[in-house]
Structure formats: structure tokens, C-alpha cells
*Asks:* 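The structure under discussion is supplied below as C-alpha cells; questions concerning it will follow.
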Amino acid sequence: QVQLVESGGGLVQPGGSLRLSCGGSGFSLPDYQIGWLRQAPGKERDGVACTSSSDGSTYYATSVKGRFTISRDNAKNTVYLQMNSLKPEDTGVYYCAAFQRRTGNCALNRWAYDYWGQGTQVTVSS
């Protein structure tokens, strides 16, 4: 049974940084496409970044490109999301998600994912 666990959320001032982690059990990271998605109050859950299992390619939403970096450490079975230059509009619950596929690319579309973590709150406010 795949279980994903996020950590690293919190309250940060605009312009600050946070690093989110996604680990868990019941899966081998090289076999899975991994994404980070966020949901702001009253809005849909949207893709922020993802990393492909086949070659480690990464993809970002336009709103975070150049500020966020997703990375995976297969040895630790963990995916990270480094968030810099945070803005109030980055506030939301951040979810780690996965689907099993060793070929092809990951996705920023929430419907692609089969497994989800419980989410971690990120609040950007002065």
C-alpha cells in the first residue's frame, strides 16, 4: 500500500523560503512519477511541479517557474520542493502525489495521480 507523507510546511514571510519533503512507504521511487500540487482556499487543486521517473525531467507551473525547484533522491525514497521568493499567492495546502509508471513524463494535472499525501499547510504572510 502506497503511503505518502509530506513535511516542511509552515508560516513564512513574503520573500522567504521553505523546503517541503515527500517520503513514505509501500513504493519504490524510481517506479513512480511524482508531483507537488497545491490548493488555495476556495480554489481547485493545481499542479505546481513534477518530476519524471524515467529521466528525472522536471516541469513547473508558470507561476512558480524560476522560484521553485523539485528534486528526487531515489536512495532516500524522497522528493523535495524547494520554494524560494515566496509570495502570498503561494499560500495553500501542498500535496505530494504519485502514479506508477517508469516511462513517459509526469503531469501537472491532478487527475493523473493515484496516490496522495495528507497535505502540508504553507502560509506566506507578513
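When reading the values below, keep in mind they use all heavy atoms of this one structure, side chains included, and skip hydrogens, waters and symmetry mates.
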*Asks:* Go through the structure and list residues passing side-chain contact (heavy atoms from CB on, under 4.5 Å) with Ala61, not counting sequence neighbours.
*Replies:* Ser63, Val64
*Asks:* Assess the residue pair Ser21 and Glu6 against the criterion (side chain to side chain contact (heavy atoms under 4.5 Å, CB included)); give the C-alpha distance rounded to whole Å, side-chain angles, the decisive distance to 0.1 Å, and a yes or no.
*Replies:* CA-CA 6 Å; Ser21 299; Glu6 304 96 335; over 6 Å; no
*Asks:* Going by side chain to side chain donor-acceptor pair (under 3.5 Å), Tyr94 matches just one of Arg38, Arg45, Gln39. Which one?
*Replies:* Arg38
*Asks:* Any disulfide (SG to SG under 2.5 Å) pairs touching residues 49-83, not counting sequence neighbours?
*Replies:* Cys50-Cys106
*Asks:* Listed by chain and number, what are the side-chain hydrogen bond (donor to acceptor under 3.5 Å, both in side chains) partners of Arg19, not counting sequence neighbours?
*Replies:* none
*Asks:* Are Ile34 and Cys96 close enough that some pair of their side-chain heavy atoms sits under 4.5 Å apart?
*Replies:*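 Of all side-chain heavy-atom pairs linking Cys96 with Ile34, at least one is under 4.5 Å.
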*Asks:* Quick check: do Tyr60 and Thr69 have side-chain heavy atoms less than 4.5 Å from each other?
*Replies:* yes
*Asks:* Check side-chain hydrogen bond (donor to acceptor under 3.5 Å, both in side chains) between Ser57 and all other residues, then give those that pass, not counting sequence neighbours.
*Replies:* Asp55
*Asks:* Would you check if Pro88 and Pro14 make a side-chain contact, meaning some heavy-atom pair closer than 4.5 Å?
*Replies:* yes
*Asks:* Roughly how far, to the nearest 0.5 Å, is NZ of Lys87 from CZ of Arg67?
*Replies:* 4.5 Å
*Asks:* Who are the salt bridge (Lys or Arg N to Asp or Glu O under 4.0 Å) partners of Arg72, not counting sequence neighbours?
*Replies:* none
*Asks:* Using a 4.5 Å cut-off between side-chain heavy atoms of Ile, Leu, Val, Met, Phe, Trp and Tyr, which other residues end up in the same hydrophobic cluster as Tyr113?
*Replies:* Leu37, Val93, Tyr95, Phe99, Trp116
*Asks:* How many angstroms lie between CG in Asn84 and CG in Asp90, if you round to the nearest 0.5 Å?
*Replies:* 10.5 Å
*Asks:* Who pairs with Glu44 by side-chain contact (heavy atoms from CB on, under 4.5 Å), at least two apart in sequence or on another chain?
*Replies:*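 Partners of Glu44 by the side-chain contact (heavy atoms from CB on, under 4.5 Å) criterion, ordered by chain and then number, come out as Asp46, Arg110.
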*Asks:* Any donor-acceptor pair under 3.5 Å linking the side-chain atoms of Asp73 with those of Thr78?
*Replies:*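 The criterion, which ignores hydrogens and geometry beyond distance, is not satisfied for Asp73 and Thr78.
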*Asks:* Can you tell me how far CH2 of Trp36 sits from CG of Leu81, rounded to the nearest 0.5 angstrom?
*Replies:* 6.0 Å
*Asks:* Output the distance between atom OG (Ser53) and atom CD (Gln33), rounded to the nearest 0.5 Å.
*Replies:* 3.5 Å
*Asks:* Who passes side-chain contact (heavy atoms from CB on, under 4.5 Å) against Ser25, sequence neighbours left out?
*Replies:*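 By the side-chain contact (heavy atoms from CB on, under 4.5 Å) rule, Ser25 matches Gln3.
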*Asks:* Could you go through Tyr80 and Ile70, starting from their C-alpha distance and side-chain angles, then the distance that decides it, and tell me whether this counts as side chain to side chain contact (heavy atoms under 4.5 Å, CB included)?
*Replies:* CA-CA 6 Å; Tyr80 303 99; Ile70 187 172; over 6 Å; no
*Asks:* Run the side-chain contact (heavy atoms from CB on, under 4.5 Å) test against Asn105 and tell me which residues pass, sequence neighbours left out.
*Replies:* Ser52, Tyr59
*Asks:* Do Pro30 and Arg102 have side-chain heavy atoms sitting under 4.5 Å apart?
*Replies:*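 Pro30 reaches Arg102 side chain to side chain.
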*Asks:* What I'd like to find out is whether the side chain of Val122 reaches to under 4.5 Å of the side chain of Thr91, using heavy atoms alone.
*Replies:*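 Side-chain contact under 4.5 Å: no.
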*Asks:* Are any non-hydrogen side-chain atoms of Ser71 and Thr51 less than 4.5 angstrom apart?
*Replies:* no
*Asks:* Under 3.5 Å, is there a donor-acceptor pair linking the side chains of Gln121 and Thr123?
*Replies:*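 Thr123 and Gln121 do have a side-chain donor-acceptor pair below 3.5 Å.
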*Asks:* Would you say the side chain of Leu20 lies within less than 4.5 Å of the side chain of Met83, judging by non-hydrogen atoms?
*Replies:*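 The answer is yes, as the side chains (C-beta and beyond) meet within the 4.5 Å cut-off.
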*Asks:* Grab the two heavy atoms, one from Leu86 and one from Leu18, that are nearest each other, plus how far apart they are.
*Replies:*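 So the two residues come closest at CD1-N, 3.9 Å.
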*Asks:* What pairs with Arg101 under side-chain hydrogen bond (donor to acceptor under 3.5 Å, both in side chains), at least two apart in sequence or on another chain?
*Replies:* none
*Asks:* Which residues pass the side-chain hydrogen bond (donor to acceptor under 3.5 Å, both in side chains) test with Asn74, not counting sequence neighbours?
*Replies:* none
*Asks:* Under a 4.5 Å cut-off applied to non-hydrogen side-chain atoms, are Gln100 and Val2 in contact?
*Replies:* no
*Asks:* Around atom CD of Gln1, are there more than 12 heavy atoms from other residues, nucleotides or ligands closer than 6.0 Å?
*Replies:*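 Not buried by this count: 12 neighbours or fewer within 6.0 Å.
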*Asks:* By ring pair (Phe, Tyr, Trp, His ring centres under 6.0 Å), which residues pair with Phe27, not counting sequence neighbours?
*Replies:*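 Per chain and number, Phe27 pairs via ring pair (Phe, Tyr, Trp, His ring centres under 6.0 Å) with Tyr32.
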